[in-house]
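Values below: every heavy atom of this structure, side chains too, minus hydrogens, waters and symmetry copies. Quick note: residue numbers are just sequence positions, from 1.
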Amino acid sequence: MKNNKSNKISGAEAVIRCLLAEGVDLIYGYPGGAIMPIYDELYKFQDTLQHVLTRHEQGAAHAAQGYARTSGKVGVAMATSGPGATNLVTGIADAQIDSTPMVCITGQVASHLLGSDAFQETDIIGISTPVTKWNYQITRANEIPEILAKAFYIAKSGRPGPVLIDITKDAQFEEFIFNYEYCIGIRSYNPVIDVDMNSLKNAAEIINNSNKPMIVWGQGIILGHAEDEFKQFVDISGIPAVWTILGLSALPTSHPLNKGMVGMHGNYGPNILTNECDVLIAIGMRFDDRVTGNLETYAKQAKVIHFEIDPAEINKNVFADIPILGNCKDSLTKIIPLIKKRKHDSWINRFDSLMEIEEKEVIKSDLYPTKEGLTMGESIKTINNYTNGDAVIVTDVGQHQMVACRYASFIKSKSNITSGGLGTMGFALPAAIGAKMGAPDREVIAIIGDGGYQMTIQELGTIFQTKTAVKIVVLNNDFLGMVRQWQQMFFDKRYASTEMVNPDFVTIAKGYFIDAERVTKRNQLDKAVSRMLSTDKPYFLEICVEKEDNVFPMIPTGASVSDIRLS
């Protein structure tokens, strides 16, 4: 796209025009001196480009992540130099490991001051290099169109990820004749590799002749927009399919071949049977250590077929007998005609029998407890009763995260938003704001622990100011629950620095003019959830749960997936 204006414009205005050209309509950020020229131009475009003032730059990054995850667009966050830029880094690192497309724009001191330790100068390029897909520092205004076009292309192409563009203050003031051209390719950057048909044929032959095949799918299905193709593949092949936490919701939880979660707190059957399957078909997942446990004992008996868009993930952790590089939508489309329609009744019965054991030993007491105190599991079950699987669930990190992933019901993709690889406490509240703005017609419920909630509790101010109708549920056990569980199991119950002395969360929420209530007894829970979900306004619900409940099943760190414990 070319701008026919003959008049020069400032670099700051060019930034705004680039964002508009890329279809950006929402930015999260926090202004400051080094980015003030861009904010001044943003003021002039308020009717076409909404800016959400978060209460902390980390909140801006997480909100941009949540927006990207539900909308499928590139999230955008802005901050000033120095501490503003460094406060974005946690969200950027989170987006990098969870493959979330995001463009972050930071202001920087004037170019002649670079390297002089000027006020609020920080080498954000050096700091962010390990946690970005690409970054670049702009020192001349005429670089802005080309660099921002590249930024959006890189962020959303291939395996998505975050990009950071740092712009010196003099480049923001400098004027030039503006032209904008979309980036459609970069020399030496090949984000998607053509699928090799020979690999697909070899994979199909192995799959068609397997006796105990198992699919493990991850977020690549969602990022590749391959939900329909994946469901066809599962239905035709008849193969039981299990998920990583970022893959959750790509296939409805009620699907008969959806057999649950793998990994440290995953379901009993999928973990045990990982080491019994004869073919393991990994689709859009990266064999994270939380999924594999001890790599020396992981699926050694199985032929591994790995569908993956990023060549760096092939053979990184688990050797693939047949790697299939490419976007999984394309790969699945081409392999489906090669797959024979089959049933694996006896193998599926093995999953079902192990699930019966898990239901008896774990699930029954989680969802239908006989003890007086409330459990996290029954809290999630009660929410399910009202959402019917149609809500977006945004979780923080900890016990509540694992319980929500285990028990939440989903009928639509892009419904489970969580911090997977980095495990960032404080993620959920700002991410839920972005998730609701990215999917305004859907119910968005943040499930948070009392520890993580207080890391970004200031974002209640953003909710109040924007009137974003996020529903906030804090499962309060007065502990850093996941750490406490490890201390109980592996450190002889030495609860070092994990017990929380918490404030009055309800009063704090009401201080932000958000309706709020606290549940302490079982007979209060159902009506409280009903009240929360019947309003079209923000709502805060604190559910006081058992202090020392543990999350099972569990694979101890360093153990084999076969060593999963039910208690």
Side-chain angles (χ1 to χ4, degrees), residues 193-218 220-221 224 226-244 247 250-251 255-260 262 267 269-287 291-292 295 297-309 313-355 560-562:
I193 297 172
D194 290 336
V195 179
D196 176 41
M197 284 305 300
N198 286 329
S199 295
L200 288 179
K201 290 175 183 177
N202 292 335
E205 183 178 0
I206 290 174
I207 292 168
N208 290 334
N209 291 302
S210 63
N211 294 311
K212 297 179 179 180
M214 184 170 83
I215 297 167
V216 182
W217 90 82
I221 299 292
E227 293 91 344
D228 290 342
E229 292 79 6
F230 178 60
K231 184 177 182 298
Q232 289 179 47
F233 178 74
V234 172
D235 289 339
I236 291 169
S237 67
I239 298 174
V242 299
W243 39 268
T244 70
L251 189 71
H255 191 285
L257 290 173
N258 184 337
K259 296 301 178 182
V262 289
N267 293 105
N271 279 298
I272 291 287
L273 298 179
T274 294
N275 283 352
E276 293 185 21
C277 67
D278 60 357
V279 176
L280 192 154
I281 307 156
I283 307 177
M285 55 86 74
R286 59 187 179 84
F287 292 110
V291 166
T292 64
L295 285 169
T297 60
Y298 182 79
K300 292 300 181 182
Q301 78 295 335
K303 292 283 187 182
V304 175
I305 300 168
H306 193 180
F307 291 76
E308 176 59 49
I309 199 168
E313 294 297 343
I314 298 294
N315 298 332
K316 186 177 81 173
N317 295 325
V318 173
F319 174 77
D321 295 276
I322 301 183
I324 299 174
L325 282 168
N327 185 304
C328 60
K329 186 179 184 73
D330 185 29
S331 302
L332 290 171
T333 298
K334 290 177 178 176
I335 200 173
I336 285 170
L338 307 177
I339 299 298
K340 294 178 181 177
K341 189 171 181 64
R342 297 179 65 194
K343 292 184 178 180
H344 300 275
D345 292 340
S346 60
W347 175 233
I348 289 169
N349 288 340
R350 185 90 171 92
F351 282 85
D352 295 341
S353 63
L354 290 171
M355 178 55 78
S560 168
V561 291
S562 301

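To the nearest 0.5 Å, atoms CH2 (Trp243) and CG (Asn258) are separated by 7.0 Å. Interatomic distance, Ile335 CD1 to Ile207 CD1, rounded to the nearest 0.5 Å: 4.5 Å. Taking CD1 from Ile239 and NZ from Lys212, the interatomic distance works out to 14.5 Å, rounded to the nearest 0.5 Å. To the nearest 0.5 Å, atoms OG (Ser237) and CD (Gln232) are separated by 11.5 Å. Ile281 CD1 to Ile215 CD1: the interatomic distance, rounded to the nearest 0.5 Å, is 5.0 Å.
In terms of modelled atom types and a separation under 3.5 Å, the side chain of Arg286 and the main chain of Gly218 share no donor-acceptor contact. Distance alone, capped at 3.5 Å, places no donor-acceptor pair between the Asp321 side chain and the Lys303 backbone. A donor-acceptor pair under 3.5 Å links the side-chain atoms of Asn315 to the main chain of Ala320, judged by distance alone. No donor-acceptor distance shorter than 3.5 angstrom exists from the side chain of Asn271 to the backbone of Val561, with no hydrogens or angles considered. Not a single donor-acceptor pair under 3.5 Å links the side chain of Glu276 to the backbone N or O of Gln301.
Using a 4.5 Å heavy-atom cutoff, the side chains of Leu200 and Val195 are in contact. Side-chain atoms of Leu332 and Ile283, non-hydrogen and from C-beta on, do get closer than 4.5 Å to each other.
For Asp352, the salt bridge (charged side-chain N to carboxylate O under 4.0 Å, His left out) partners are Lys259, not counting sequence neighbours. Partners of Lys329 by salt bridge (charged side-chain N to carboxylate O under 4.0 Å, His left out), not counting sequence neighbours, listed by chain and number: Glu229. With sequence neighbours excluded, the residues satisfying side chain to side chain contact (heavy atoms under 4.5 Å, CB included) with Ala302 are Cys277, Leu280, Ala299. Residues meeting the side chain to side chain contact (heavy atoms under 4.5 Å, CB included) test with Leu257, sequence neighbours left out: Val234, His255, Ile348. Considering only residues two or more places apart in sequence or on other chains, Ile309 meets the side chain to side chain contact (heavy atoms under 4.5 Å, CB included) condition with Arg159, Val192, Asn327. With sequence neighbours left out, Lys300 forms a salt bridge (charged side-chain N to carboxylate O under 4.0 Å, His left out) with no residue at all. Residues satisfying the salt bridge (charged side-chain N to carboxylate O under 4.0 Å, His left out) test with Asp228, not counting sequence neighbours, are none. Here Phe230 pairs with Trp217 under the ring-ring contact (aromatic ring centres under 6.0 Å, His included) rule; sequence neighbours left out. For Ile314, the side chain to side chain contact (heavy atoms under 4.5 Å, CB included) partners are His306, Glu308, Pro323, Leu325, not counting sequence neighbours. Judged as a side chain to side chain donor-acceptor pair (under 3.5 Å), and not counting sequence neighbours, Thr333 has no contacts. The side chain to side chain donor-acceptor pair (under 3.5 Å) search around Lys231 returns Asp235, not counting sequence neighbours.
No donor-acceptor contact under 3.5 angstrom links the side chains of Thr292 and Asn317, judged on distance only.
Taking each heavy atom of Ala203 and Ile322 in turn, the nearest pair found is N-CD1, 3.6 Å. Nearest heavy-atom pair across Ala250 and Ile221 is CB-CG2, 3.8 Å. For the pair Pro270 and Gly260, the tightest heavy-atom approach, listed with the atom from each and the gap, is CG-C, 4.3 Å. Considering all non-hydrogen atoms of both residues, Cys328 and Gly220 come closest at SG-O, 3.2 Å.
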> Taking it one step at a time, do Val291 and Tyr298 satisfy side chain to side chain contact (heavy atoms under 4.5 Å, CB included)?
Replying inline: CA-CA 10 Å; Val291 166; Tyr298 182 79; 4.2 Å; yes

> Can you list the steps and then say if Ser560 with Asn275 is a side chain to side chain contact (heavy atoms under 4.5 Å, CB included)?
Replying inline: CA-CA 9 Å; Ser560 168; Asn275 283 352; 3.3 Å; yes

> Which is it for Phe319 and Val304 under the side chain to side chain contact (heavy atoms under 4.5 Å, CB included) test, yes or no, and what are the steps along the way?
Replying inline: CA-CA 7 Å; Phe319 174 77; Val304 175; over 6 Å; no

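Residue pairs satisfying the ring-ring contact (aromatic ring centres under 6.0 Å, His included) criterion with at least one member in residues 321-353, sequence neighbours excluded, are listed as follows: Trp347-Phe351.
Annotation for Asp194: atom CG does not count as buried by contact number, only 12 or fewer foreign heavy atoms lying within 6.0 Å. Summarising the local packing, NZ of Lys340 is surrounded by 12 or fewer heavy atoms from other residues, nucleotides or ligands at distances under 6.0 Å.
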